[in-house]
Amino acid sequence: MISFDEAIALLSGAVAPLGSETVHLLEAAGRFLSGELSARSDAPRRDVSAMDGYAVAIDTVENGAPLRVAGESRAGMPFDGSIGDCEAVRIFTGAALPEGADCVIMQEYATREGELVHFADGHGPARHIRFAGSDFSEGDRLLAKGARLTPPAMISAAAADRATLDVGKRPNVAIIATGDELVAPGKAHESAHTMPETASHGVAALCRAMNAEVVASAHGHDTLGELEELAAEALAAADCVVVIGGASVGDHDLARPMFAAHEMELVFSRIAIKPGKPVWLGKVGKKTVLGLPGNPTSAMVTARLFLRPLLAAMQGGSVKGELRFAPLPLAAPVEATGPRETFLRAEMTEEGLVPVSNQQSGAQHPLARSDRLIRRPAGSNAASADDLVSTIDF
């Protein structure tokens, strides 16, 4: 068996971007940039007010001496002219600073009487001005190549003043769930020997959240001929095939043999992690095949750890960018780990990070409230509340 880090390194080397396409800004959310994004102009373009108040030349302001209000400046409708001696301009947040002004006095310190305004003590020393180029300058890189256009990043993309963006092409994904005992949800209650097929629904949701297109989702029985047909159909339709189940060592584990006719090259197989030892990765030409364990929790944990970075890489994103672990303190203890690196499902509560009570690989109920994974090295001692552990979003 290989380690988790070794498997990720092999995955990084095996997966290449599918290419790029140009999309409208309105269609770019969640996508990965194919090139760096630079600003077309300074922001702000000129000095603007950071507050509602009065623009003044601060040297002309004397305590108790009123100024004449010469006009007003609103965002998009600047004051036409410059400030004269003993003059002020009513100004609003985001409005251009009039020529000759070097300070905005907040309206809370102003008393207006007709065309005159005078100011109370205590309005300084802040000038309340956003200076031209103080956010960024023309040509500055706002987003790096491979950056994902998250909701906050969309602000930067729009600020770059680009109507279209070059982004990675969306992967087409086919999902094949295997197992004689599985039936479509809604049918399992009809027999004591069947259970709902659930893992593919979580995997498909993860794919869509990563902007992949799920072009096929099928269930195959543990029969080599049937699975070979599904494999051929999936490879014809998709850039990436995800097989759930059938990856252990029994007589009915056919996940890899179903691709034998296509001369699949195995990138890695069997990883020293819990859950997820049976995970494997293969290549059929330029197409990628990822095998996940059949137990729903194992499938979802390994989909987070392997499928999500794989789909990012296919769109020009970073594998490491999808695997950013950060330390968090525990709010409840965890047990010692065995000989494999272990990923525990956990929940962020008002008290802090709490591992879910049922960590069995087949447990489905705890998944709904699990929003973090705790990464514990092999052979780790038990950890107590307040100890720091390595975590990632789930």
Side-chain angles (χ1 to χ4, degrees), residues 23-31 33 35-144 147-166:
V23 301
H24 193 277
L25 181 67
L26 295 175
E27 300 171 347
R31 307 291 290 272
L33 284 174
E36 69 174 33
L37 192 62
S38 60
R40 275 189 151 159
S41 56
D42 297 348
R45 299 288 294 277
R46 57 178 296 178
D47 296 350
V48 298
S49 177
M51 295 286 179
D52 291 348
Y54 291 84
V56 300
I58 193 63
D59 289 343
T60 68
V61 176
E62 296 179 2
N63 290 336
L67 301 182
R68 187 180 72 86
V69 180
E72 71 174 25
S73 181
R74 291 184 285 168
M77 299 183 66
F79 173 73
D80 185 16
S82 60
I83 289 181
D85 291 340
C86 298
E87 286 186 338
V89 167
R90 180 74 166 108
I91 197 166
F92 299 91
T93 303
L97 203 69
E99 184 179 346
D102 58 7
C103 179
V104 174
I105 299 178
M106 295 170 59
Q107 64 186 20
E108 288 85 347
Y109 294 94
T111 300
R112 181 79 174 264
E113 295 177 353
E115 295 303 314
L116 298 178
V117 61
H118 60 85
F119 304 104
D121 293 339
H123 55 74
R127 298 294 181 98
H128 304 300
I129 298 171
R130 294 178 56 222
F131 294 102
S134 59
D135 190 356
F136 53 80
S137 300
E138 179 182 351
D140 282 355
R141 187 185 75 174
L142 302 188
L143 292 169
R148 191 173 188 191
L149 292 164
T150 61
M154 286 296 295
I155 298 294
S156 295
D161 195 23
R162 309 282 176 174
T164 61
L165 299 174
D166 293 332

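Note that the structure is a prediction, hence the values are computed from the model and not measured. Note that the numbering runs from 1 along the sequence shown for the chain.
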Requested in this report: For the pair Thr150 (side chain) and Ala153 (backbone), establish whether a donor and an acceptor sit closer than 3.5 Å, ignoring hydrogens and angles.
Outcome: yes
Query raised in the report: Under the salt bridge (Lys or Arg N to Asp or Glu O under 4.0 Å) test, which residues partner Arg68, sequence neighbours left out?
Result: Glu87
Requested in this report: To the nearest 0.5 Å, tell me how far Asp42 CG sits from Ser137 OG.
Outcome: 5.0 Å
Query raised in the report: Which pair of heavy atoms, one from Ala110 and one from Val117, lies closest together, and at what distance?
Result: CB-CG2, 3.7 Å
Report summary line: d(Asp166 CG, Glu36 CD) to nearest 0.5 Å is 12.5 Å
Query - Pair Leu149-Leu33, side-chain contact (heavy atoms from CB on, under 4.5 Å): steps then yes or no - result: CA-CA 7 Å; Leu149 292 164; Leu33 284 174; 4.2 Å; yes
Query raised in the report: Can you name the closest pair of heavy atoms from Ser73 and Ala95 and give their distance?
Result: O-CB, 3.2 Å
Requested in this report: Tell me, with the steps shown, if Met154 and Leu25 meet side-chain contact (heavy atoms from CB on, under 4.5 Å).
Outcome: CA-CA 8 Å; Met154 286 296 295; Leu25 181 67; 3.9 Å; yes
Query raised in the report: Looking only at atom types and distance, does a side-chain atom of Arg148 sit under 3.5 Å from a main-chain N or O of Gly30, one as donor and one as acceptor?
Result: yes
Query raised in the report: Taking the side chain from Arg162 and the backbone from Ser38, do they hold a donor-acceptor pair closer than 3.5 Å?
Result: yes
**Report entry** Exam field: side chain Asp47 to backbone Ala132, donor-acceptor pair closer than 3.5 Å
**Finding:** yes
Query raised in the report: Looking only at heavy atoms, which two atoms of Ala55 and Leu97 are closest? And how far apart?
Result: CB-CD1, 4.1 Å
Requested in this report: Would you check if Glu72 and Phe92 make a side-chain contact, meaning some heavy-atom pair closer than 4.5 Å?
Outcome: yes
Requested in this report: Give the minimum heavy-atom separation between Val61 and Phe119, together with the two atoms involved.
Outcome: CG1-CD1, 4.2 Å
Query - Interatomic distance, Ile105 atom CD1 to Arg127 atom CZ [nearest 0.5 angstrom] - result: 9.5 Å
Query - Within-4.5 Å side-chain heavy-atom neighbours: Ile129 and Ser134 - result: no
Requested in this report: Kindly check if the number of other-residue, nucleotide or ligand heavy atoms within 6.0 Å of CZ (Arg45) is above 12?
Outcome: no
**Report entry** Evaluation steps, side-chain contact (heavy atoms from CB on, under 4.5 Å), between His123 and Ile58
**Finding:** CA-CA 11 Å; His123 55 74; Ile58 193 63; 4.0 Å; yes
Requested in this report: Could you tell me whether the side chain of Arg141 and the main chain of Leu37 form a donor-acceptor pair under 3.5 Å?
Outcome: no
Report task. Take Gln107 and Arg112, measure what side-chain contact (heavy atoms from CB on, under 4.5 Å) needs, and give me the verdict at the end. Result -> CA-CA 9 Å; Gln107 64 186 20; Arg112 181 79 174 264; over 6 Å; no
Query raised in the report: How about Glu108: does its CD atom have over 12 heavy atoms from other parts shown lying under 6.0 Å from it?
Result: yes
Query raised in the report: Can any side-chain N or O of Asp85 pair as donor or acceptor with the backbone N or O of Thr60 at less than 3.5 Å?
Result: no
Query raised in the report: Taking atom NE2 of His128 and atom OG of Ser49, what is their separation to the nearest 0.5 Å?
Result: 8.5 Å
Query raised in the report: Within the distance-only criterion (no hydrogens, no angle test), does the side chain of Asp135 pair as donor or acceptor with the backbone N or O of Pro44 below 3.5 angstrom?
Result: no
Requested in this report: Considering non-hydrogen atoms only, spot the tightest contact between Phe136 and Ala159 and give its length.
Outcome: CZ-O, 3.7 Å
Report summary line: dist Leu26:CG -> Leu165:CG (nearest 0.5 Å) comes out at 10.0 Å
Query raised in the report: To the nearest 0.5 Å, how far apart are CE in Met106 and CD1 in Ile91?
Result: 13.5 Å
Query - Shortest non-hydrogen contact between Pro66 and Leu116, atoms and distance - result: CB-CB, 4.3 Å
